[in-house]
Amino acid sequence: MNQGLSREEIAQLVARDIAPGTFVNLGIGQPTTVADYLRADQGITLHTENGMLGMGPQAAPDETDPDLVNAGKVPVTELPGASYFHHADSFAMMRGGHLDVCVLGAFQVSATGGLANWSTGEPDAIPAVGGAMDLAIGAKEVFVMMSLFTKDGTPKLVPECTYPVTGLGCVTRVYTNYGIFHIDDDGERRRPRLVEAYGLSAEEIHNRLDVELV
Amino acid sequence: MNQGLSREEIAQLVARDIAPGTFVNLGIGQPTTVADYLRADQGITLHTENGMLGMGPQAAPDETDPDLVNAGKVPVTELPGASYFHHADSFAMMRGGHLDVCVLGAFQVSATGGLANWSTGEPDAIPAVGGAMDLAIGAKEVFVMMSLFTKDGTPKLVPECTYPVTGLGCVTRVYTNYGIFHIDDDGERRRPRLVEAYGLSAEEIHNRLDVELV
Amino acid sequence: MPEIAETAAEAVSAVHSGATVLLGGFGNAGQPMELIDALLDSEATDLTVVNNNAGQADAGLALLIKERRVKKIICSFPRQADSRHFDEAYRAGEIELELVPQGNLAERMRAAGAGIGAFYTPTAYGTALAEGKETREINDRNYVLEYALPGDVALIKALYADETGNLVYRKTARNFGPVMAAAAAHTVVQVEELLPAGALAPEAVVTPGLFVDTVTVIGTDSGTAAAKEHHPALRSQGSKTTTAAEGA
Amino acid sequence: MPEIAETAAEAVSAVHSGATVLLGGFGNAGQPMELIDALLDSEATDLTVVNNNAGQADAGLALLIKERRVKKIICSFPRQADSRHFDEAYRAGEIELELVPQGNLAERMRAAGAGIGAFYTPTAYGTALAEGKETREINDRNYVLEYALPGDVALIKALYADETGNLVYRKTARNFGPVMAAAAAHTVVQVEELLPAGALAPEAVVTPGLFVDTVTVIGTDSGTAAAKEHHPALRSQGSKTTTAAEGA
């Protein structure tokens, strides 16, 4: 079957759509790869939850600094104009709505922008949340990157999350291998709108999802 | 009539009783004069609510700095070991119980350590509170400096404050021209104890106050 | 990157009538006098102003009040020896006063900047300033519920900005600046000098640039005093792009 | 003035069995590894530990958990590739876990340090981590009530201390340090170097000395890295009293 876009292509689309001059937090894992496709002329400033704005690329192996890491604890670098601050200030930036965009992975996104990305809900799983819930409700816009379907073909854009939620009504855009969805508020409620389709036609996507699209 | 101690003598007693190595906030007005009697070997660090620890003496007239003032907006100086911080952090220090002592003036102190020092309660008065309420409840110990009686002889250490209160049960010591009172909690309630008397005998003080002393 | 305004007038153009304006400063220290003067010259009226005081003498905020362009003031200490314009407006019933203990005022703005909706503070419990407010006992201590206090615009003064909007302050002129910068939807800063990105040491930045929307360069006494010292945030390799003398 | 401890063992002697201990660090950055090792060598047990994680591999906090000396851990991210000692204790029901979103964790400690009893946060509203908690709608946004989280002792790592206890940190190693220093009744700090009063620029101090009770000097990689740079808080006239090499 056509797999639509690769993970790298999805990251490229996210990078393309981040507005110039904004402050952005890239979540751990796949979202981190978005940084590889941001152009210098976009003037994006990266925030890392562990207390830094103006984060640069990953450090070269021979230039790592034990005191300069990102949220994934990977050694990174500092750009001109950077600043450091403590954890309460760092999360105040998120919670206070000062970040323009955060990019997160997801198990599921609901039709109203609910996000499930922190727990599979399995009874024997050891729970861990990190900064996911803070990021989900904090940024002005929350972009999710995920495959549109699980390996067995089950949609991940769903009427309601069946996995434990990270935040309610917080996702504004969903970047998937088969298409980009914007979850807009039409004044009455939030609903996803298919903005771009890849590999599948818009009609095929509609048919395979159990979600009413605008 | 014997006036007991002078204001300067009261300030000297307060300075004498501040424990070495402590962090202290001296309120605007008379409490500020306590600084004149602190000895360098006491190692007291002064806090000013407008964002500084390690405040030094008032600046000489030809060495004033527009950006270095105390809570009374008087130009002051900086000592080695000083630090600056913003207003929310400064009041967090008070409220969080990190200051050992603050010294305040008062219209009245109640037998249980209630403080009235911010408003005369006159109907046409324009109210103003500043940092008084924050200081009153913030420091581990609140020392009050005041005359024991008004000009017409009315006690200012009272069963209950008739002036609008600044804080409840917050005063731990009262330094007056006729004596020093400690307001201790005996496990059941807080009551003043006359610790030193000046100019009047302990009995005379007891007789002239409408407050039960320990 | 913040907008660089050529003039104070341009810098304060974000203040619209009816706005809630957070005005920095404690006494003269950190007070953005030139921005307030520009606000005075603007058409903005019907303002809610948050400041520690309510104007002094015949300048700045006092004149805004004299002209009855402040409908409400939220402050801790309105009454001063030279607060005659406020006193007059207040006694005439022509200005609303919300009196807030200074620490609660700072913490309410801090909450607004930090996305905290409300908080329980021990300050003012049992006093007239907590009348009608919710209270709660937590671990044997009594608290009053206070709500976040956001602003539409903050007008503040810092010492240096870099081109990314990072700010550092000078001595006790820091006071309300960092708190207001985070609490306002739009933050306007007057600085003594504007420096290139990289000129401020990241460890010593006090207000990160994401809180700053507009910067304008205005030389004052603070810059004169700073010129005699080395501010720790200045990296030696940082060359200055605009000095107060060259700037607006 | 803080007590200067000659050894890490002396520094952590303030931790008694049953204490709530705030452990700084995010990953290895800012983690007071030598203080934690000293805690491991102490008799303290029955601890409640607050840390972002729940120990890694066979070191520090993980070993405290392995030895079942941690009755409860309050953290945001216990599960990691190498968190096997926590995993085992947790599955055996031998450690209590309070899972808190990272920002709420930081803010709860910030509240403790700032004398705020509780606060309304939007984080975790509607999630399993807010189950059973009070909620409130404020200006059309939903919030969860979270309480202050104070510690009996904080063990943190900073770069430099001066003799009055003022601290500065290095890069992202700052993380939880300043928040924990204020939240604990007794704060113990390991630093690379101890400097005389006046050696740190007052504008660049991050944690004022009144939050610091015990300082001990321990050289680590951070000090090695710092030696190649000029930290902005260092005043050129400040001569060093104790370097890591000379110290404990």
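Residue numbering restarts at 1 for every chain, and letters A, B, ... go by the order of the sequence lines.
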Any chance [atom1] of [X] has more than 12 other-residue heavy atoms, nucleotides or ligands included, within less than 6.0 Å?
X      : atom1 : value
A:R7   : CZ    : no
D:E98  : CD    : yes
D:N139 : CG    : no

What part of [X] gets closer than 4.5 Å to chain D, counting heavy atoms only: side chain, backbone, both or neither?
X      : value
A:P66  : both
A:T166 : backbone
A:N50  : both

Taking every non-hydrogen atom, the tightest pair across [X] and [Y]:
X      : Y      : answer
D:A128 : A:W118 : CB-CZ2, 4.2 Å
A:L168 : D:G126 : CD1-CA, 3.9 Å
A:G167 : D:T127 : N-CG2, 4.2 Å

Kindly compute the distance separating [atom1] ([X]) from [atom2] ([Y]), expressed to the nearest 0.5 Å.
X      : Y      : atom1 : atom2 : result
A:D65  : D:K228 : CG    : NZ    : 8.5 Å
D:R174 : A:S90  : CZ    : OG    : 11.0 Å
D:N175 : A:E49  : CG    : CD    : 10.5 Å
A:N70  : D:F26  : CG    : CZ    : 8.0 Å

Measure from the side-chain N and O atoms of [X] to the backbone N and O of [Y], and report whether any donor-acceptor pair falls under 3.5 Å.
X      : Y      : value
D:R110 : A:D89  : no
A:R95  : D:G103 : yes
D:T172 : A:V69  : yes

Is any side-chain heavy atom of [X] closer than 4.5 Å to a side-chain heavy atom of [Y]?
X      : Y      : value
D:E107 : A:D134 : no
D:L97  : A:P127 : yes
D:V179 : A:F91  : no
A:M133 : D:N104 : no
A:K73  : D:Q80  : yes

Among the options [options], pick out the one with the most heavy-atom pairs lying under 4.5 Å from chain A.
options                       : result
D:S222, D:A29, D:A124, D:P101 : D:P101
D:P178, D:A225, D:G30         : D:P178
D:N53, D:L129, D:N52          : D:L129

Between D:Y169 and A:H86, does the ring centre distance come in under 6.0 Å? no
Let me know if [X] has heavy atoms under 4.5 Å from chain A in its side chain, its backbone, both or neither.
X      : answer
D:V206 : neither
D:F176 : both
D:R141 : side chain

